[in-house]
Amino acid sequence: MKIASWNVNSVKVRLPHLLAVLEEAKPDVLCLQETKCLPGDFPSLELKAAGYHCETIGQRSYNGVALISKTPPSELIQGLPGMAGDEQARYLEAGFGKVRVASIYLPNGNPLGTDKFTYKLAWMEQLALRARELLRLESPFVLAGDYNICPADEDVYDPVAFRDDALCQPESRSRFRALMYLGLTDAYRVFHREPHRYTFWDYQAGRWHRDEGLRIDHLLLSPHAADRVVACDIDKRPRAKERASDHTPIWCELAV
DNA sequence: ATGGTAGCCTTGCTA
């Protein structure tokens with residue numbers, strides 16, 4: 001079972017690239033973030049023609065997440081449990097066979113010292129609570145998405161330049177570690193130990209061409225999922241295209 | 001060198 005995650009930065013603009021990724025990578029489940037699209041405007045018909053089912057929550061201009069899958073999901077959860085009154089579309093979770101998958105668009109949190117950063121930390125606390133609930137089921141799950149967290153300095157092209165960025169703050173990183181310490185596994189680091197491997201390159205200042213990026217998109221595996229992971233990698237090809245998203249897909253293969 | 005680029009329905013905000 002192949003599970004992938006991709007922040008598309010507008011699903012409407014990225015539809016041709018999205019269809020190409022489905023055709024070439026053939027994921028069983030693809031988690032999307034920053035769809036920037038109301039559910040009624042989501043290109044479900046085009047994806048259905050490509051053989052995929054869609055679940056999505058979204059809003060105009062900002063946020064929005066989706067689960068694109070070969071088979072329809074079960075037990076869909078819309079919105080992060082515990083974040084009552086949160087109007088931002090950032091969490092979608094469902095079951096696909098024996099594996100539960102969440103598409104996560106964690107708040108960016110910039111700039112520091114504002115309610116945006118407080119919101120990010122509060123959101124991470126609730127995500128950890130949700131992970132604890134899921135762990136009690138003792139079955140495989142994958143928390144996939146744009147975490148807006150560089151776990152370590154080796155995940156940043158210029159750690160000094162990002163010292164005051166919400167993606168690299170000690171408070172952000174400690175909450176990410178708290179999530180990991182529940183027993184989750186960073187799928188990418190099971191197979192790749194080398195530093196400076198990225199999933200995001202800013203549109204500005206030629207960051208892509210200089211390979212100056214950030215590793216902020218992660219696939220976190222439950223223990224039962226980690227037992228079955230046989231491969232994980234970042235697919236840089238979509239980022240190299242014309243009119244690309246600033247993120248590129250990350251995927252893993254579970255032997256289930 | 002406090003800009004630069006991309007997307008949205010906005011003339012600024014978010015990333």
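Below, chains carry the letters A, B, ... as their sequence lines are ordered, and counting in each starts from 1. Since the structure is predicted, the reported quantities are computational estimates derived from the model, not experimental observations. When reading the values below, keep in mind they use all heavy atoms of this one structure, side chains included, and skip hydrogens, waters and symmetry mates.
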Select from A/N63 and A/T35 the residue whose nearest nucleotide in DNA chain B is closer to the 5' end of that strand. A/T35

Counting side-chain heavy atoms from C-beta on, which of B/dC13, B/dC9, B/dC8 comes nearest to A/Y62? B/dC13

Looking for any heavy atom pair under 4.0 Å, which part of the strands does A/R207 touch: base, sugar-phosphate only, or nothing? nothing

To the nearest Å, how far apart are A/R243 CZ and B/dC8 P? 8 Å

How many whole angstroms separate atom CD1 of A/I149 from atom C1' of B/dA15? 15 Å

Between A/W201 (CH2) and B/dA6 (P), how many Å, whole number? 16 Å

I'd like the P distance from B/dT2 over to B/dT11, given in whole Å. 27 Å

Nearest to the side chain of A/N9, heavy atoms from C-beta on, is which of B/dC9, B/dA15, B/dG7? B/dG7

Applying the side chain to side chain contact (heavy atoms under 4.5 Å, CB included) test to A/R130, which of A/R132, A/Q126, A/E133 qualifies? A/E133

Salt bridge between A/D158 and A/R207, side-chain N to carboxylate O under 4.0 Å? no

A/H17 has an atom NE2; how far is it from atom P of B/dA6, in whole Å? 12 Å

Expressed as a whole number of Å, how far does the C1' atom of B/dG4 sit from that of B/dC9? 23 Å

Contacts of A/D202 and A/N7 projected onto DNA chain B by closest heavy atom; the upstream (5') one is A/D202

Under 3.5 Å: donor-acceptor pair, side chain of A/Y147, backbone of A/L219: no

A/R239 CZ - B/dA6 P separation (whole Å): 9 Å

At under 4.0 Å between heavy atoms, what does A/F200 touch on the DNA or RNA strands: base, sugar-phosphate, or nothing? nothing

Roughly how many Å is it from CD in A/Q59 to P in B/dC13, rounded to a whole number? 17 Å

Taking atom P in both B/dT10 and B/dA1, compute the distance separating them and give it to the nearest angstrom. 37 Å

Restricting to ring pair (Phe, Tyr, Trp, His ring centres under 6.0 Å), what partner residues turn up for A/H192, sequence neighbours left out? A/Y188

B/dC8, OP1 or OP2 - any side-chain N/O from A/S10 closer than 4.0 Å? yes

Atom pair distance, as rounded to whole Å: CG in A/L112 and P in B/dA15: 13 Å

Rounded to the nearest Å, what distance is computed from the CG atom of residue A/D165 to the C1' atom of nucleotide B/dT2? 14 Å

Passing candidate, ring pair (Phe, Tyr, Trp, His ring centres under 6.0 Å) with A/Y157, options A/Y198, A/F162, A/F200: A/F162

Which nucleotide in the list B/dA15, B/dA6, B/dC9 gets nearest to the side chain of A/Y203? B/dA6

Taking only side-chain N and O atoms of A/K36, does any of them lie within less than 4.0 angstrom of OP1 or OP2 on B/dA6? no

Between B/dA6, B/dC9, B/dC8, which nucleotide gets closest to the side-chain atoms of A/R60? B/dC9

Would A/R215 and A/D155 satisfy salt bridge (Lys or Arg N to Asp or Glu O under 4.0 Å), going step by step from the backbone distance to the final call? CA-CA 5 Å; A/R215 193 172 73 91; A/D155 301 311; 2.8 Å; yes

